[in-house]
Amino acid sequence: MAQTDVPHVSVASERLQLVIEALSYASVDEFDSCLSLLQRSNEKDEFSELETAFSIFVRELGEAKAELNRALTQQEAANRELEAKLETIEMQQAAIRELSTPIIEVWAGVLCLPVVGVVDSQRSAEMTETLLETIVAKQARMAIVDITGIDVMDTKTADHFIKMARAVRLLGAECIVSGINPGIAQTLTHIGVDLTGVRTLRSLRDALQLYLRETEQLVVQQKSHFARRESEI
Amino acid sequence: MGAPLECVVSDCRSHHDLVIGEPVEQELPIIQIRNCLLVSIQTELHDRLALDLQASLMERVRTVNARGVILDVSAVEVIDSYITRILNDIGKSVRFMGAECYIVGIRPAVAMTLIEMGVELDSVHTALNLDLALERLELL
């Protein structure tokens, strides 16, 4: 063969075959088999340098890949944990939603809705819905919304309660708000909330007393009415 | 608040046009109990129907000299702003003729929608059911 300027390296075809085989192992993530194949030949020539370079590269690749897999497993575990937590939160939210509108029939035809905690638009909508449905289901004449458990009230919250009272009145029942504490009373006056359409009383007890007094009056009225009619006849 | 209200109003317009175009003639029965008039509305309340009701109700109030008018809307699932206006008008004109108007059985969903829309139903009385409305009218 004629001599050229570029030095040639002659390699036995088996060694070349071996390298190709080793790289094919590396491509399917079999890094150990790949390395053992690359290190099989003990010859020291230019081609063996390539083999060494390859084996270093493959070793690095293997380590990087293993690291990545570890990170991935960790991430998956974290994700699973997060999902479980989200599920718990959702369950708790549903539980809170159910607990947030306890409606008690304190007297025949009198419903009481004690409100505790923060009232936002969503919660107030749910409360109104439940209250209205219960009023219709039980044919209650009066609904007492007891807000003893509320410490602070802003314009928005006050607005929710006014809307609730108006919706109750639309059904034909009466809505009374009881248990407004001094702080709230001052705030409401200060920010100028118009509570004219809403009857307010100091406590649940007063509200109940009012109801009893009114029913009594109604009965007396009815009796006198029928007595008058009979005398007319 | 502005956007949904607008959408409701436009809905009610198109619905109005549609109903006006309908050739179906329907009349709500007006029942007399002692000196009260009772209308039990068992279908959806369309604009045309409500207007017809208003006219025939006024006539009946005059002829029977009624003391009270009771509209049972427990079967009505949609009450829009126009229907509310008609109901308010009925309430006002009935009062001019010396009677009182009671709307009974408004559904919870309807009540919530009316309040959310900011529509007032203030010219009529409301009662939970027919029984309570009659009881109150008796005492007048």
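Taking A:Glu129, A:Gln139, A:Met164 one by one and counting their heavy-atom pairs under 4.5 Å with chain B, the maximum is reached by A:Gln139. Looking only at heavy-atom pairs under 4.5 Å with chain A, the residue among B:Arg136, B:Arg107, B:Glu120 that has the most is B:Glu120. No other option in A:Leu131, A:Leu218, A:Leu132, A:Leu170 has as many heavy-atom pairs under 4.5 Å with chain B as A:Leu170.
The local environment of CZ in B:Arg85 is sparse, with at most 12 non-hydrogen atoms from other residues, nucleotides or ligands closer than 6.0 Å. Within a 6.0 Å radius of CZ in A:Arg59, other residues, nucleotides and ligands contribute more than 12 heavy atoms.
Of the atoms belonging to A:Arg141, heavy atoms from both backbone and side chain fall under 4.5 Å from chain B.
Applying the side chain to side chain contact (heavy atoms under 4.5 Å, CB included) test between B:Ile103 and each of B:Val76, B:Val73, B:Ile79 identifies B:Val73 as the sole match. Residue B:Leu38 is tested with B:Leu134, B:Leu130, B:Val104, B:Leu71 for a side chain to side chain contact (heavy atoms under 4.5 Å, CB included); the sole match is B:Leu130.
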